[in-house]
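From a predicted model like this one, the values you see are computed outputs, not experimental measurements.
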Amino acid sequence: MTSTNVRKDAEDSGPSGYAAARLRLLQEEARSGPPRRSALAELTDDWLSGLFTAGNEQVRGVSLIAVGGYGRGELSPRSDLDLVLLHDGSDPGAVATLADRIWYPVWDLGLALDHSVRTSAEARKTAAEDLKVQLGLLDARHIAGDLGLTAGLRTAVLADWRNQAPKRLPELQELCAERAERQGELQYLLEPDLKEARGGLRDATALRAVAASWLADAPREGLDDARRRLLDVRDALHLTTGRATDRLALQEQDQVAAELGLLDADTLLRQVYEAARVISYASDVTWREVGRVLRSRAVRPRLRAMLGGGKQAAERSPLAEGVVEQDGEVVLARAARPDRDPVLPLRAAAAAAQAGLPLSLHAVRRMAAGVRPLPTPWPAEAREQLVTLLGSGQPTIEVWEALEAEGLITQMLPDWERVRCRPQRNAVHIWTVDRHLIETAVRASEFTRRVHRPDLLLVAALLHDIGKGWPGDHSVAGEIIAKDVATRIGFDRDDVAVLAALVRHHLLLVDTATRRDLEDPATLRSVAEAVGSQGTLELLHALTEADALATGPAAWSSWRGSLVADLVKRVSAVLAGDAPDEPEAAAPTAEQERLAIEALATGGPVLSLRAQTEPPADAQPSGDPEPLGVELVIAVPDQPGVLPAVAGVLAVHRLTVRTAELSTQDLPDGVEGAVLLLNWRVAAQYGSLPQAARLRADLVRVLDGSLDVAGRLAERDAAYPRRRGVVAPAARVTVAAAASRHATVIEVRAQDAPGLLFRIGRALEDAGVRMRSAHVSTLGANAVDAFYVTDAKGVPLGAGEAASVARKLEETLRG
């Protein structure tokens, strides 16, 4: 059906005809994007115009005006209708009747309506008091009635806005900043608000308002396309959900991607992020220009008075060859020749970051348009300038984004294109891949005094996840890419090998420290063989911490830092030839020894429960101490079923397990018997912690079989049905080959959930294996656990038996 026919149906059939025509328009597969939004606005205009003129009575001095998004002709399927009934005040009664004739049919159709009835003076007064009203009126568009009345209001509102711009624009900037603080940055969020988040549709509207002030203007290139892309995604979101929502929830992303004809949800998010990045960068540049203009206006009258008129040239201060500071920005010197100086972009970027200043838009665009490509390998100056840029700390981020916005990063580092704006579907990560790499470099810049080769640390930080744009294990793919990039940048063969090793093994230390028995020589030897040298170990230690800190709050803690530091110390001893061949039991603390002896004496479990408010004494400082929850130490005479029993009791009492360690405790000479020692860090899901006596009583009941934990947990699950939410990846269970000479290591990676550790422990008990030790940790919503198990005789499982246990455990967790 053509647009003309759709509109004719609406005119002929009244409100019901409009509803039918609207539905047909939204179902037209051949029309989407701006044409559909414009057609929907036109269709709605025609219907509202008919409501305005119905009844044959002529109401003079009244007009119907669309404002906001509707005023711009951008109606999404579930958009509000923002309307103003403007009148001259001569006949309030007739205006009230007319308002009812328009508003009620809109409400009857269930359409969201934001409406007001005002005179021109009232509209201007309200706009002066409410910035949001002012912004809506800037897009006022005539629908029906007195065209002169509408034109007069538009002219007055624009004049008011331009006259008041020096006062209103800082207010608008503050409003944008407050919204960004609440909603976050659209270009990094897994479930972004397309309208309210920074870089979203609200910011695009704010940029239009700045342009309307004639005080400053946004960079135009790509801005309209970015705004159109976000509007298209919002249209698809409205159609797939049937709701007036701007939040792109995870469970709807595949449907929205399909509606837009995109490959998958990741492709959708990447397009959203790219659009948001364009708008965010335009906002940064625009607000910087607004500030410059306002400062200039404030200073100029005083200068003129002092100098007797005339215009003073802006002061320019040299920063580097071809680079100067002018008016709070880094610009190119008049003699700079990008076409003859391929290092200029890196030199300008490094100078800007070191000075803590932004790169001017004009300078970046001039370099992007005319700079010669760097030769291969890069000259030494280019490599040094890159290292200087990466080592400049927080200012690196803004400068890097300026280069990236104009394509200079991918021109210098083509492999960057695969990670640019790439989402990370992991609750632990708070950044896209590319931003995470820059954040890691910023974090690594804090550790450059800890290592002998800070240049290798910074470049490894930039490249450590570069393989995430390729299929397979990103560490393996990244090693290959890192070799190529490092060679192109100009590092020698030995340095290339170190960088490749750092990228290949950037997860090795934290994975080993949290999932392996550090008392086992096989663990230490495997790490030492992978690292190869003390220098590489030192760099890998710093990279590990920088990577984790740049990932998100859930990825690093004082506890993890202490484990990694302990591992590094032990591996360093191996590399120095001083490591023991056989494991030496760690000396028990006084409390552990007391609990173990008491457990043997009583024949039952004993425990200690206390708040853990400070990091361990041997932890390396990494900022403010984080809350570590409560430390729970349990000693139990060695017997089957201890891990599932304790985990089940904790689940029944709604205690979340953050970390857990299970081991056999050696006792003083003369004390016979074996005791299992469990060290937990737990936190209450809500409410207060249970008393230690209650935990112990329930643990006794579980061990003697009088408390059915499985039944209790099943009853609770049945009483509280699982809410609809993110569909987590399936659990994965693997056997870590050659991880230990003394036991078989079974790794479990699964979505964390109440009772998960109980289910794992019970499944391992059912498989008939003995647990030598366990290492449990939670990263965000992910449980990452390792269990050292043996057969009944205390020897590692055969390959077939180990695979069978892992397969059955995986089936249990997926069931």
Side-chain angles (χ1 to χ4, degrees), residues 187-188 190 250 253-254 256-258 260-274 277 404 409-440 459-489 496-497 499-508 510-511 515 530 543-544 547-548 550-552 555 726-737 747-751 779-782 784 803 806-807 810 814:
Q187 60 182 313
Y188 304 122
L190 274 177
L250 288 173
Q253 289 174 9
D254 284 316
V256 172
L260 292 169
L262 300 177
L263 179 64
D264 54 25
D266 276 3
T267 306
L268 167 67
L269 276 186
R270 193 170 188 184
Q271 290 194 2
V272 168
Y273 293 164
E274 287 172 342
R277 190 164 293 190
E404 192 168 31
I409 295 298
T410 50
Q411 180 180 328
M412 293 184 288
L413 300 171
D415 296 288
W416 194 260
E417 178 61 29
R418 280 188 175 259
V419 296
R420 188 176 60 83
C421 293
R422 182 170 292 278
Q424 304 204 76
R425 294 188 176 276
N426 185 322
V428 176
H429 277 277
I430 61 175
W431 306 113
T432 51
V433 177
D434 54 343
R435 177 61 184 270
H436 168 68
L437 293 174
I438 298 303
E439 289 284 339
T440 305
V459 174
L462 180 70
L463 299 178
H464 75 277
D465 274 349
I466 197 73
K468 284 189 173 177
W470 296 83
D473 186 332
H474 77 279
S475 297
V476 175
E479 179 184 16
I480 299 170
I481 299 169
K483 286 180 180 177
D484 178 65
V485 174
T487 302
R488 192 184 325 135
I489 287 176
V496 168
L499 285 168
L502 292 173
V503 173
R504 174 67 180 86
H505 299 298
H506 69 273
L507 296 174
L508 176 65
V510 72
D511 282 355
R515 304 175 200 173
L543 176 60
T544 298
D547 180 19
T551 296
V726 178
V727 178
R732 184 164 179 248
V733 181
T734 56
V735 178
E747 283 195 341
V748 178
R749 302 186 185 191
Q751 186 80 357
L779 296 172
N782 299 295
V784 182
R807 185 172 58 254
E810 189 169 86
R814 292 186 178 189

> Hey, what do you get for CD (Gln411) to CD (Glu417), rounding to the nearest 0.5 Å?
Replying inline: 13.0 Å
> When you look at Arg807 and Glu810, which way does the salt bridge (charged side-chain N to carboxylate O under 4.0 Å, His left out) test go after all the steps?
Replying inline: CA-CA 5 Å; Arg807 185 172 58 254; Glu810 189 169 86; over 6 Å; no
>> In the structure I gave you, are the side-chain heavy atoms of Thr544 and Leu508 within less than 4.5 Å of one another anywhere?
In response: no
> Taking all atoms of both residues into account, what is the closest heavy-atom pair of Ala486 and Leu499, and its distance?
Replying inline: CB-CD1, 3.6 Å
> After noting the C-alpha distance and the side-chain angles of His436 and Arg422, does the key distance pass the side chain to side chain contact (heavy atoms under 4.5 Å, CB included) rule?
Replying inline: CA-CA 10 Å; His436 168 68; Arg422 182 170 292 278; over 6 Å; no
> Run the side chain to side chain contact (heavy atoms under 4.5 Å, CB included) check on Leu260 and Val256 step by step: do they pass?
Replying inline: CA-CA 6 Å; Leu260 292 169; Val256 172; 4.1 Å; yes
> Just wondering, do Ile409 and Met412 contact through their side chains at under 4.5 Å, heavy atoms?
Replying inline: yes
Which atom pairs, donor and acceptor, lie under 3.5 Å between side-chain atoms of residues 473-482 and protein residues at least two apart or in another chain?
residue	atom	partner	partner atom	Å
Asp473	OD1	Ser475	N	2.8
His474	NE2	Asp465	OD1	3.1
His474	NE2	His506	NE2	3.3

>> Using every non-hydrogen atom in the two residues, find where Leu502 and Leu543 come nearest and quote the distance to one decimal.
In response: O-CD2, 3.8 Å
>> Suppose we screen for side-chain hydrogen bond (donor to acceptor under 3.5 Å, both in side chains). Which residues come up paired with Asp484, at least two apart in sequence or across chains?
In response: Arg488
>> Once side-chain hydrogen bond (donor to acceptor under 3.5 Å, both in side chains) is applied, do any residues pair with Glu439, and if so which ones, sequence neighbours excluded?
In response: Arg435
> Side chains of Val433 and Gln424: does their closest heavy-atom pair fall under 4.5 Å?
Replying inline: yes
> Mind checking whether Thr440 and Trp431 have side chains closer than 4.5 Å, heavy atoms only?
Replying inline: no
> For Thr432, what residues pass the side-chain hydrogen bond (donor to acceptor under 3.5 Å, both in side chains) criterion, not counting sequence neighbours?
Replying inline: Asp434
> Within a radius of less than 6.0 Å around CZ of Arg732, do more than 12 heavy atoms belonging to other residues, nucleotides or ligands occur?
Replying inline: no
> Rounded to the nearest 0.5 Å, how far apart are CG of Leu269 and CG of Asp264?
Replying inline: 9.5 Å
> Is there side-chain contact between Ile438 and Leu462, with heavy atoms separated by less than 4.5 Å?
Replying inline: yes
> Which heavy-atom pair separates Tyr273 from Cys421 by the least distance, and what is that distance?
Replying inline: CD1-O, 3.4 Å
>> Walk me through whether Leu507 and Asp547 qualify under side chain to side chain contact (heavy atoms under 4.5 Å, CB included).
In response: CA-CA 9 Å; Leu507 296 174; Asp547 180 19; 4.1 Å; yes
> Residues two or more places apart in sequence or in another chain: which of them pass side-chain contact (heavy atoms from CB on, under 4.5 Å) with Asp254?
Replying inline: Ala265
> Arg418: what forms a side-chain contact (heavy atoms from CB on, under 4.5 Å) with it, not counting sequence neighbours?
Replying inline: Trp470
> For Val419 and Ile466, which heavy atoms make the closest approach, and how far apart are they?
Replying inline: CG1-O, 3.6 Å
>> Using salt bridge (charged side-chain N to carboxylate O under 4.0 Å, His left out), reason through Glu274 and Arg420 one step at a time and then give a plain yes or no.
In response: CA-CA 9 Å; Glu274 287 172 342; Arg420 188 176 60 83; 3.2 Å; yes
